[in-house]
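This structure is a prediction, so every number in the text was calculated from the model and none was measured. Along the sequence shown, the residues carry numbers beginning at 1.
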Amino acid sequence: MNQATAPLPLRHDWSRSEAEALFALPFADLMFRAQTVHRRFFDPNEVQVSTLLSIKTGTCPEDCKYCPQSVRYDTGLEAEQLMEVERVLESARAARETGSTRFCMGAAWRSPKDRDLGVITAMVRGVKELGMETCMTLGMLEPHQAQALAEAGLDYYNHNIDTSPEFYGEVITTRTFQQRLDTLANVREAGIKVCCGGIVGMGEERNDRVGMLLTLANLPEHPESVPINLLVRVEGTPLAEQEDLDPFEFVRTIAVARILMPASHVRLSAGRESMSDELQSLTFLAGANSIFYGERLLTTPNPACSRDTGLFRRLGIRPAALAVQEDDAVDAAPVRAAAPDTALFYDATRA
Ligand code: SAM
Ligand code: DTB
Ligand code: SF4
């Protein structure tokens, strides 16, 4: 193995000045660095595809200033109680039919109640039986709750730090940054893969984007999945009138995430609906290699499937197939696990 192909070690000791220096590089140099690292760890023409479903919508007691689901802001959202398992599975089947390999279920909760765990774990089992990867985002988790989800076979838990420790208090006051880190530790301890990222464009400074990425990159283990959301400005929320972020600064944030956490999937998450195809392409060049696919995020719109598949086709991007693990192959009933879903993904939208 020569030096160019030897695996790069993952670092957990990034300094602030190193991350600042990456952000400050000329754009072409930053993109080159990010591309180089990306190609050491991933096929640059492959993007992982996840679909989101809100399984419990609105009336959340938390005060996250960006969020349409907080009970404190009048956003005109129609609240919905926890969905029935069969309805969730119907959505998962539909997502699978479009070529999505991971199904992410989100609930507008501060944290789940123990009495809901039976239904939640049934959802995990049911989606896994469809041969899809599972992800949930339900708010803060206690160790025993993380354990119950792990036993049901949950693959990923999403819990974002959202921003830097310094800017955090400007955005959320009802739970602390440390509580977020505690939940992440509980998820890791239970053996579930971590999906953790944040939001940019909330009025934070570059320093805060640096602080957010440093916090993630210097965790004892990098999150396997790092969603970078561009704020979706929702009328009625305190951030509805937030100024636009320079799109190149968004691309830089993706590129620095890629360099600091080279083996993680970096997800181009919320905010794609307002982005041009060209801007999204720049983020793929910067190392983004996962998206949310399907016409809805949790409560806000996402690009039409036909637009996404069209973009993939124009760029020669393939949706990533599921990586099947040995034990999955034995235990699960993988209806189409590991099938190369390119054809399915493309065909579904030609109609
Ligand atoms: N209630 C749970 C929680 O907060 O942990 C789970 C659902 S919550 C909606 C998941 C994440 O979605 C948030 O942490 C935030 O990063 C992202 N999010 C919510 N509203 C957003 C918006 N308007 N724009 C961008 N990202 C948003
Ligand atoms: C994440 O980082 N982004 C997703 C997912 N994790 C749960 C949620 C985005 C939500 C955008 C606003 C909405 O649709 O309600
Ligand atoms: Fe509630 Fe999550 Fe929205 Fe915050 S981000 S208000 S915790 S649903």
Side-chain angles (χ1 to χ4, degrees), residues 52-85 87-88 104-124 135-149 154 156-187 190 192 194-199 201-204 212 215 227 229 231-242 269-270 296-300:
L52 270 171
L53 175 70
S54 179
I55 58 169
K56 185 268 168 187
T57 306
T59 65
C60 180
E62 303 295 283
D63 71 349
C64 314
K65 284 200 177 116
Y66 49 77
C67 187
Q69 305 205 65
S70 167
V71 75
R72 297 163 196 241
Y73 318 129
D74 183 6
T75 60
L77 185 70
E78 207 170 306
E80 252 197 81
Q81 291 186 338
L82 184 60
M83 281 171 83
E84 283 168 18
V85 177
R87 274 187 62 210
V88 172
C104 307
M105 296 160 267
W109 281 328
R110 173 177 165 83
S111 52
K113 302 263 184 301
D114 282 350
R115 64 165 184 265
D116 293 321
L117 282 180
V119 174
I120 293 292
T121 50
M123 290 174 186
V124 174
C135 178
M136 282 194 154
T137 178
L138 314 170
M140 294 185 285
L141 285 189
E142 296 291 333
H144 72 278
Q145 297 176 319
Q147 196 53 47
L149 290 169
L154 184 69
Y156 291 83
Y157 194 78
N158 167 244
H159 196 64
N160 291 339
I161 56 170
D162 278 349
T163 188
S164 67
E166 294 77 20
F167 191 68
Y168 184 86
E170 302 287 318
V171 184
I172 300 133
T173 69
T174 49
R175 74 171 73 149
T176 64
F177 197 81
Q178 185 57 47
Q179 284 176 301
R180 300 220 176 215
L181 298 178
D182 293 345
T183 289
L184 294 173
N186 293 341
V187 169
I192 301 170
V194 170
C195 171
C196 182
I199 310 178
M202 297 193 292
E204 77 285 345
M212 175 178 90
T215 304
N229 297 277
L231 174 71
V232 178
R233 290 170 291 202
V234 180
E235 215 178 304
T237 63
L239 293 182
E241 306 299 330
Q242 186 57 50
S269 301
R296 218 169 168 66
L297 291 165
L298 289 172
T299 67
T300 64

State the CD1-CG distance between Ile192 and Leu184, to the nearest 0.5 angstrom.
11.5 Å
Under 4.5 Å between any side-chain heavy atoms of Phe167 and Met202, yes or no?
yes
Examine distances only and state if a side-chain atom of Gln242 and a backbone atom of Leu239 form a donor-acceptor pair shorter than 3.5 Å.
no
Indicate yes or no: at least one non-hydrogen side-chain atom of Val187 is less than 4.5 angstrom from one of His159.
no
Which atoms form the tightest heavy-atom contact between Val234 and Thr237, and what is the distance?
O-OG1, 2.6 Å
For Gln69, all residues meeting side-chain hydrogen bond (donor to acceptor under 3.5 Å, both in side chains), sequence neighbours excluded
none
Answer yes or no: are there more than 12 heavy-atom neighbours, outside Glu166 itself, under 6.0 Å from its atom CD?
yes
pair Val88-Met105: side-chain heavy atoms closer than 4.5 Å:
yes
Nearest heavy-atom approach of Val232 to Ala270 is CG2-CB, 3.8 Å
d(Leu154 CG, Ile120 CD1) to nearest 0.5 Å is 10.0 Å
Take atom CD in Gln178; do more than 12 heavy atoms of anything else shown fall under 6.0 Å from it?
yes
To the nearest 0.5 Å, atom CG of Leu53 lies from atom SG of Cys104 at 10.0 Å
Determine the minimum heavy-atom distance between Asn160 and Pro227, stating which atoms define it.
OD1-CG, 3.5 Å
For the student: nearest non-hydrogen atoms of Ile172 and Arg180, plus distance:
CD1-NH2, 3.5 Å
Distance-only donor-acceptor check, side chains Asn186 and Glu142, under 3.5 Å
no
Shortest non-hydrogen pair, Thr215 vs Leu181, comes out as CG2-CD2, 4.3 Å
Check side-chain hydrogen bond (donor to acceptor under 3.5 Å, both in side chains) between Tyr73 and all other residues, then give those that pass, not counting sequence neighbours.
none
Let's go through Val124 and Met136 carefully: what are the C-alpha distance in whole Å and the side-chain angles of both, what is the deciding distance for side chain to side chain contact (heavy atoms under 4.5 Å, CB included) to 0.1 Å, and is it a yes or a no?
CA-CA 8 Å; Val124 174; Met136 282 194 154; 3.8 Å; yes
Between Cys196 and Ile161, does the side chain to side chain contact (heavy atoms under 4.5 Å, CB included) criterion hold? Intermediate values first, please.
CA-CA 7 Å; Cys196 182; Ile161 56 170; 3.9 Å; yes
Smallest separation among heavy atoms of Asn229 and Ser269, with atom names:
OD1-CB, 3.1 Å
Can you confirm whether the side chains of Tyr66 and Arg233 place a donor and an acceptor under 3.5 Å from each other?
no
Look only at the side chain of Tyr157 and the backbone of Thr183, and say whether a donor-acceptor pair between them is shorter than 3.5 Å.
no
Pairs under 3.5 angstrom only: tabulate donor-acceptor contacts from the side chains of residues 57-65 to other protein residues two or more places apart or in another chain.
residue, atom, partner, partner atom, Å
Thr57, OG1, Ser54, OG, 2.7
Thr59, OG1, Lys56, NZ, 3.3
Glu62, OE1, Arg110, NH1, 3.3
Glu62, OE1, Thr174, OG1, 3.0
Glu62, OE1, Arg175, NE, 3.0
Glu62, OE2, Arg110, NH1, 3.1
Asp63, OD1, Thr173, N, 2.9
Asp63, OD1, Thr174, N, 3.4
Asp63, OD1, Thr174, OG1, 3.2
Asp63, OD2, Thr173, N, 3.4
Asp63, OD2, Thr173, OG1, 2.4
Lys65, NZ, Glu170, O, 2.6

Exactly one of Leu298, Thr137, Leu82 clears side chain to side chain contact (heavy atoms under 4.5 Å, CB included) with Ile55, and that residue is Leu82
